[in-house]
Trainee: 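Quick one: the structure is below, and I'll ask about it shortly.
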Amino acid sequence: MMSRLLPAVSGRVPGVPPTPAMARVVGLLAHRWFSGAFRGPLQVIRCPAPQLHVSGPAMAASQEDFAKAMNQVKLLKEDPGNEVKLKLYALYKQATEGPCNAPKPGMLDFILKAKWDAWNALGNLPKETARQNYVDLVSSLSASSCSQVTPAADKKQAESDSLVVTSEDGITTIRLNRPAKKNALTTQMYRDIMRALEAASEDSSRITVLTGSGDYYCSGNDLSNFKDIPPDKVEERAQSSAVLLRDFVDCFIDFPKPLIAVVNGPAVGISVTLLGLFDVVYASDRATFHTPFSHLGQSPEGCSSYIFPKMMGPSKAAEMLIFGKKLTAREALAQGLVTAVFPDDTFQKEVWARLKAYAKLPPNAMRIAKRLMRHQEKEKLHAVNAEESRVLAERWVSDECITAIVAFLSKKAKL
Ligand SMILES: CCCC/C=C/CC(=O)SCCNC(=O)CCNC(=O)[C@H](O)C(C)(C)COP(=O)(O)OP(=O)(O)OC[C@H]1O[C@@H](n2cnc3c(N)ncnc32)[C@H](O)[C@@H]1OP(=O)(O)O
C-alpha cells in the first residue's frame, strides 16, 4: 500500500522519473497543502492505519471510535508526514463517501491528483473497513507519538491511598494498595481503576499491569460498600452499583493494549472473574482463586459466566462459579485461567524481568495482535456483561445476599 501511494505523493506517473523542476513544484505544493495552507477535507481528516486488509463488518470500528480518532489526530505531537496524511485522507473519504467517483484531476494539479490517486487506490474497500483502518492508523500514530514523552514526565501518573499508578520501562502498573483490607475494592477504587485504565490506554506505555500490595492480590468487592444504605434507597443503590459494575467491566473488555495480571496472592470474587479479560495472568504459587458467589447469595460477573465455561469446560466452571470451589494456582493453571505459576520467593523478580522484555516489543504490533484475537468476541462480551450486571442488581436486594453480607459485616462469617 505504501509503495502504491508513493507515486501519488510525488506527483509522478508510475514508471516515469520526475524532472528536478517537477519535484520542486510538487515539494512546494505538498508543503503548503499539508501545512494547512490549503483548505478542504484534508483538514478534517488526519491519521489512518496501515492497510491491514482485515475486511468485513466484523472488524468495523464504531462511528464513535471514528469520531474519537478524528479528534486524536489533532492531538498528535509530531507531523506524521505526507504519505501518512494521504492515507488518512483516502481512508476518511472512503469511510465517509465510499469509493472515489470524483473526476480525475489534471496531471499538473499535483496535489489534487495525489489525493485523488490515494482515494481511488482504495477501490471498493467497504466503508466499514476504511473506518476501521482509519481508527487503527490513528491509534498506531498516537502510540508512537506518545512514546516520545520524556521519561521524567512519564514516570508517575497518579497516586491515591488505595490505588497507586506508576509508569516506567514501558509498563503502566496499577497497584491495589489497601493491604490491611486485603485490597478489597471500594466504590472509589472501581472509579479510580477505570480512570487509570483510560489513562493507560493513551499513555506511552506498551503494556499495563494490575497487581496488589501486601499478601493478597484482592479480596473482591468491599462488602462495606453495602453498609449504611437507608432501606428506601436499597433498590436505587443496587441499580447504581450495577451501572458501575457494567462500566467497570466494559473498560477491561475494551482495553486496547496487552493487559497483564500479576497475581501476588489470593484472589477473591470479581478479581478472579476479571482474569478472563486479561491477556496474560502470572500467579505466585501462594495465590488461590475463589469465587464464592452462591455463598454470598450473588451471581457471577466480569463475563465469567461466558468465558469460564469456554475456557475450562462447563463442569469445571460450575465447580467454581456455582459451588465456589477455591482453586490453587496450579489448578488455575491447568484450567487455563492462569498463564504461568512462579515460586513465591522468586515471583516478583521473574515476572518483572519477563514483562520488561515484553514491553520492548513494537507497541502497534502488540495492539493489533490483541485486537485481532479479541475483536470477534467484543460484542458478545458487552452483552454478557450487561446481563450479568442486571442480574446482580436483583441478587443484591435478595434475602440470600442481604443475609450473607450482614453475617460478614457483623463478623459472623468469613469465606
Ligand atoms: C460494584 C461492583 C460490585 C462487584 C461485585 C463483586 C462480587 C465479589 O467480589 S464477591 C467477593 C466478596 N469478597 C468476600 O466475600 C471476601 C470477604 N473477606 C473474607 O472472607 C476474608 O476477609 C478473607 C478470606 C478475604 C481474608 O481473611 P483473613 O482472616 O486472612 O483476613 P481478615 O482479618 O478477614 O481481613 C483483614 C481485614 O480486611 C477486611 N476485608 C477483607 N476482605 C474484605 C472485603 N471483601 N470486604 C470488606 N472487608 C474486607 C476484613 O474485614 C478485615 O477487616 P478488619 O481488620 O477491620 O476486621
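Every number for a ligand or one of its atoms is a count from 1 in the order of the listing.
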Trainee: I want to check something: taking the side chain as every heavy atom from C-beta on, are E331 and K326 in contact at a cut-off of under 4.5 Å?
Mentor: no
Trainee: Looking only at non-hydrogen atoms, which of E388, E301, K227 approaches atom 6 (C) of ligand 1 most closely?
Mentor: E301
Trainee: Among protein heavy atoms, which sits nearest to atom 53 (O) of ligand 1, and what does the distance come to when rounded to 0.1 Å?
Mentor: K181 NZ, 3.4 Å
Trainee: What protein heavy atom sits nearest atom 33 (O) of ligand 1, and how far away is it?
Mentor: K414 NZ, 3.5 Å
Trainee: At a 4.0 Å threshold, what atoms of ligand 1 neighbour a non-hydrogen atom of S219?
Mentor: 12 (C), 13 (N), 14 (C), 16 (C), 25 (C), 41 (C), 42 (N), 43 (C), 44 (C), 45 (N)
Trainee: With a 4.0 Å cut-off, would you call R390 and E394 a salt bridge?
Mentor: yes
Trainee: Would you indicate whether the side-chain heavy atoms of C303 and I253 approach each other to under 4.5 Å?
Mentor: yes
Trainee: Taking atom NZ of K316 as the centre, report whether more than 12 heavy atoms of other residues, nucleotides or ligands fall under 6.0 Å from it.
Mentor: no
Trainee: With no hydrogens and no angle check, just 3.5 Å: does a side-chain donor-acceptor pair link Q132 and E128?
Mentor: no
Trainee: Students should be able to answer this: which protein heavy-atom is nearest to atom 45 (N) of ligand 1, and at what distance?
Mentor: N221 O, 2.9 Å
Trainee: Identify, for atom 31 (O) of ligand 1, the protein heavy atom at the shortest distance, and state residue, atom and that distance.
Mentor: K182 CE, 3.3 Å
Trainee: Against heavy atoms of I270, which atoms of ligand 1 measure under 4.0 Å?
Mentor: 4 (C), 6 (C), 8 (C), 9 (O)
Trainee: Does an N or O from V268, backbone or side chain, lie closer than 3.5 Å to an N or O of ligand 1?
Mentor: no
Trainee: Between Y306 and N385, does any side-chain donor sit less than 3.5 Å from a side-chain acceptor?
Mentor: no
Trainee: With a 4.0 Å heavy-atom cut-off (strictly under), which part of L185 contacts ligand 1: side chain, backbone, both or neither?
Mentor: neither
Trainee: Looking only at protein heavy atoms, which one is nearest to atom 37 (C) of ligand 1, and what is the separation?
Mentor: A180 O, 3.3 Å
Trainee: For the side chain to side chain donor-acceptor pair (under 3.5 Å) test, which of D228, D222, N221 pairs with N225?
Mentor: N221
Trainee: May I ask you to list the atoms of ligand 1 that are less than 4.0 angstrom from any heavy atom of Q298?
Mentor: 7 (C)
Trainee: Please evaluate residues E400 and R395 with respect to the criterion salt bridge (Lys or Arg N to Asp or Glu O under 4.0 Å), reporting the C-alpha separation (whole Å), side-chain torsions for both, the decisive distance (0.1 Å), and the verdict.
Mentor: CA-CA 8 Å; E400 288 179 348; R395 295 308 307 157; 2.4 Å; yes
Trainee: With heavy atoms of G220 as the reference, note each atom of ligand 1 found under 4.0 Å away.
Mentor: 9 (O)
Trainee: Distance to 0.1 Å, residue and atom name: give those for the protein heavy atom nearest to atom 20 (O) of ligand 1.
Mentor: L415 N, 3.1 Å
Trainee: Any idea how Y134 and Y92 line up, ring-wise: parallel (<30°), tilted (30 to 60°), or perpendicular (>60°)?
Mentor: tilted
Trainee: Are D279 and R374 within salt-bridge range, i.e. N to O under 4.0 Å?
Mentor: yes
Trainee: Which atoms from ligand 1 have a heavy atom of S241 less than 4.0 Å away?
Mentor: 1 (C)
Trainee: Show the atoms of ligand 1 that are less than 4.0 angstrom away from any heavy atom in A184.
Mentor: 43 (C), 44 (C), 45 (N), 46 (N)
Trainee: Within a distance under 4.0 Å of any heavy atom of G269, pick out the atoms of ligand 1 and give their elements.
Mentor: 8 (C), 9 (O), 11 (C)
Trainee: Could you see which bit of P266 sits under 4.0 Å from ligand 1, with heavy atoms only: side chain, backbone, both or neither?
Mentor: neither
Trainee: Specify the protein heavy atom at minimum distance from atom 19 (C) of ligand 1: its residue, its atom name, and the distance to 0.1 Å.
Mentor: F408 CE1, 3.6 Å
Trainee: T273 versus F293: any side-chain heavy-atom pair under 4.5 Å?
Mentor: yes
Trainee: Using non-hydrogen atoms of the residue, decide whether F248 is closer than 4.0 angstrom to ligand 1.
Mentor: no
Trainee: Only one of V164, L163, D161 clears side-chain contact (heavy atoms from CB on, under 4.5 Å) with N177; which?
Mentor: V164
Trainee: Using protein heavy atoms only, decide if any is under 4.0 Å from atom 4 (C) of ligand 1.
Mentor: yes
Trainee: Could you check whether any heavy atom of F226 sits closer than 4.0 Å to an atom of ligand 1, since that is the contact criterion I want to use?
Mentor: no
Trainee: Considering only protein heavy atoms, which is closest to atom 24 (C) of ligand 1, and at what distance to one decimal place?
Mentor: Y216 OH, 3.5 Å
Trainee: Quick one: which ligand 1 atoms are inside 4.0 Å of a heavy atom on W396?
Mentor: 3 (C)
Trainee: Examine the side chains of D192 and S162 and answer whether a donor and an acceptor come within less than 3.5 Å of each other.
Mentor: no
Trainee: Does CZ belonging to R178 count more than 12 external heavy atoms closer than 6.0 Å?
Mentor: yes
